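A short write-up of the structure that comes next.
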Amino acid sequence: MNSANLRAAMFNKNAKPYAGKVLKSLNINTGDVIADIGSGGGFFTFEFAKITSPKGKVFAIDTNSKLLAYMESRKAKQKLENIQTVIADEKSSKLPENSCDLIFMRNVFHHIEEPVTYLHNLGKALVPNGRIAIIEWKPGASHHGHGTTGTQIIDIMTKAGYRHIQSYDFLDKQSFNIFEK
């Protein structure tokens with residue numbers, strides 16, 4: 001197994017223990033269009049694809065082309081036609097305007113260099129009443145020292161033009177917040 005596949009498998013293994021509660025909290029429906037920003041190994045991308053199928057769509061967005069290639073091979077094996085992988089950069093998600101019911105970000109918030117600008121621009125991809133869900137490491141909880149407090153995330157999202165609508169506290173090492181435009 002190459003290094004990208006190992007990394008993807010690790011990301012996916014770490015997501016499994018709490019995935020059921022996260023998915024239930026997101027209230028996803030068949031036919032929804034979801035963007036998984038920083039899709040990594042694709043654990044949530046594939047779960048979203050199963051829930052939204054057959055008419056829904058999932059954009060798997062990442063800056064790492066090797067991780068997206070891994071997801072492409074898994075997508076073919078699982079015959080999930082409603083996943084579209086998208087290579088992005090640090091400044092743009094490359095999402096079409098008014099395309100997403102939900103934008104999901106897990107453990108990527110701390111990587112965003114200019115979060116207010118990036119997240120404001122990301123909002124253009126949301127349909128009316130669309131939501132952004134952010135799961136982020138709490139400071140000191142990540143093996144790599146990454147992390148942002150839930151309060152900081154709410155403050156940045158407010159500056160970017162969002163309204164905080166829900167927080168969940170069932171994740172020990174991460175905050176989980178949902179916003180709308």
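Owing to the predicted nature of the structure, the values given are computational and were not obtained by experimental measurement.
Interatomic distance, CG of Asn107 versus CD1 of Ile134, reported as 11.5 Å (0.5 Å rounding). Note that CG of Leu122 and CD1 of Ile132 are 4.5 Å apart. Values are rounded to the nearest 0.5 Å. Rounding to the nearest 0.5 Å gives a distance of 3.5 Å between CD1 of Ile154 and NE2 of His164. To the nearest 0.5 Å, the span separating CG on Asn129 from CG on Leu102 amounts to 13.0 Å. How far CE of Met105 is from CG of Asn177: 12.0 Å, rounded to the nearest 0.5 Å. In this structure, the separation between OG1 on Thr85 and OH on Tyr70 is 14.0 Å, given to the nearest 0.5 Å.
Between the Thr149 side chain and the Gln152 main chain, a donor and an acceptor come within less than 3.5 Å of each other. Without hydrogens or angle criteria, Asn121 side chain to Tyr118 main chain gives no donor-acceptor distance under 3.5 Å. For the pair Arg131 (side chain) and Leu26 (backbone), a donor-acceptor distance under 3.5 Å is present. Asn29 places no side-chain N or O within donor-acceptor distance of the main-chain N or O of Asp32, the cut-off being under 3.5 Å. Listed for the Asp62 side chain is a donor-acceptor partner under 3.5 Å among the backbone atoms of Ser39.
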Just list the side-chain donor-acceptor pairs under 3.5 Å for residues 109-116, sequence neighbours left out, or say none.
from: His110; atom 1: ND1; to: Glu136; atom 2: OE1; distance (Å): 3.4
from: His110; atom 1: ND1; to: Glu136; atom 2: OE2; distance (Å): 2.5

List the atom pairs, with distances to 0.1 Å, where a side-chain N or O of residues 45-54 and a protein N or O form a donor-acceptor pair under 3.5 Å, not counting sequence neighbours.
from: Thr45; atom 1: OG1; to: Asp36; atom 2: OD2; distance (Å): 2.7
from: Thr52; atom 1: OG1; to: Phe48; atom 2: O; distance (Å): 3.0
from: Thr52; atom 1: OG1; to: Asn82; atom 2: ND2; distance (Å): 3.2

Report task. Walk me through it: do Tyr168 and Ile178 pass the test side-chain contact (heavy atoms from CB on, under 4.5 Å)? Result -> CA-CA 9 Å; Tyr168 295 97; Ile178 299 180; 3.7 Å; yes

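Checked against salt bridge (Lys or Arg N to Asp or Glu O under 4.0 Å), Asp89 has the following partners two or more places apart in sequence or in another chain: Lys94. For the salt bridge (Lys or Arg N to Asp or Glu O under 4.0 Å) test, residues two or more places apart in sequence or in another chain that qualify with Lys159 are Asp155. Evaluation of the salt bridge (Lys or Arg N to Asp or Glu O under 4.0 Å) rule for Glu72 yields Lys75 as partners, not counting sequence neighbours.
Considering only heavy atoms from C-beta on, Leu68 stays 4.5 Å or farther from Asn64 through its side chain. Looking at heavy atoms from C-beta onward, Phe44 lies out of side-chain contact with Val58 at the 4.5 angstrom threshold. In this structure the side chain of Glu81 never reaches within 4.5 angstrom of the side chain of Lys57, judged on heavy atoms. Looking only at side-chain heavy atoms (C-beta outward), Ile135 and Leu171 come within less than 4.5 Å of each other. At a threshold of 4.5 Å between non-hydrogen side-chain atoms, the residues Cys100 and Val127 do not count as touching. Val86 places none of its side-chain heavy atoms less than 4.5 Å from the side chain of Ser93.
The two residues Asp101 and Gly31 have their closest heavy-atom pair at OD2-O, 4.4 Å. Closest heavy-atom contact between Gly40 and Met71: O-SD, 3.5 Å. Closest approach of Ser92 to Ala88, counting heavy atoms only: O-CB, 3.3 Å. The nearest pair of heavy atoms linking Pro96 to Ser99 is O-OG, 2.7 Å.
A donor-acceptor pair shorter than 3.5 Å cannot be found between the side chains of Gln174 and Lys138.
Both Val108 and Ile153 are members of a single hydrophobic cluster when ILVMFWY side chains are connected at heavy-atom separations under 4.5 Å. Criterion: ILVMFWY side-chain heavy atoms under 4.5 Å apart, direct or through other members. Under it, Leu95 and Leu119 are part of a common hydrophobic cluster.
Within the structure, ring pair (Phe, Tyr, Trp, His ring centres under 6.0 Å) contacts touching residues 71-93 (residues at least two apart or in different chains) do not occur.
Here the rule is side chain to side chain contact (heavy atoms under 4.5 Å, CB included) with Phe59, and of Ile34, Ile83, Val33 only Val33 fits it.
The pair Arg163-Glu180 meets the salt-bridge criterion, since a charged nitrogen lies less than 4.0 angstrom from a carboxylate oxygen.
Phe176 and Phe170 have perpendicular rings, their planes meeting at more than 60° on a 0 to 90° scale where under 30° would count as parallel. A perpendicular orientation is assigned to the rings of Phe179 and Tyr162, their planes being inclined by more than 60° (bins at 30° and 60°).
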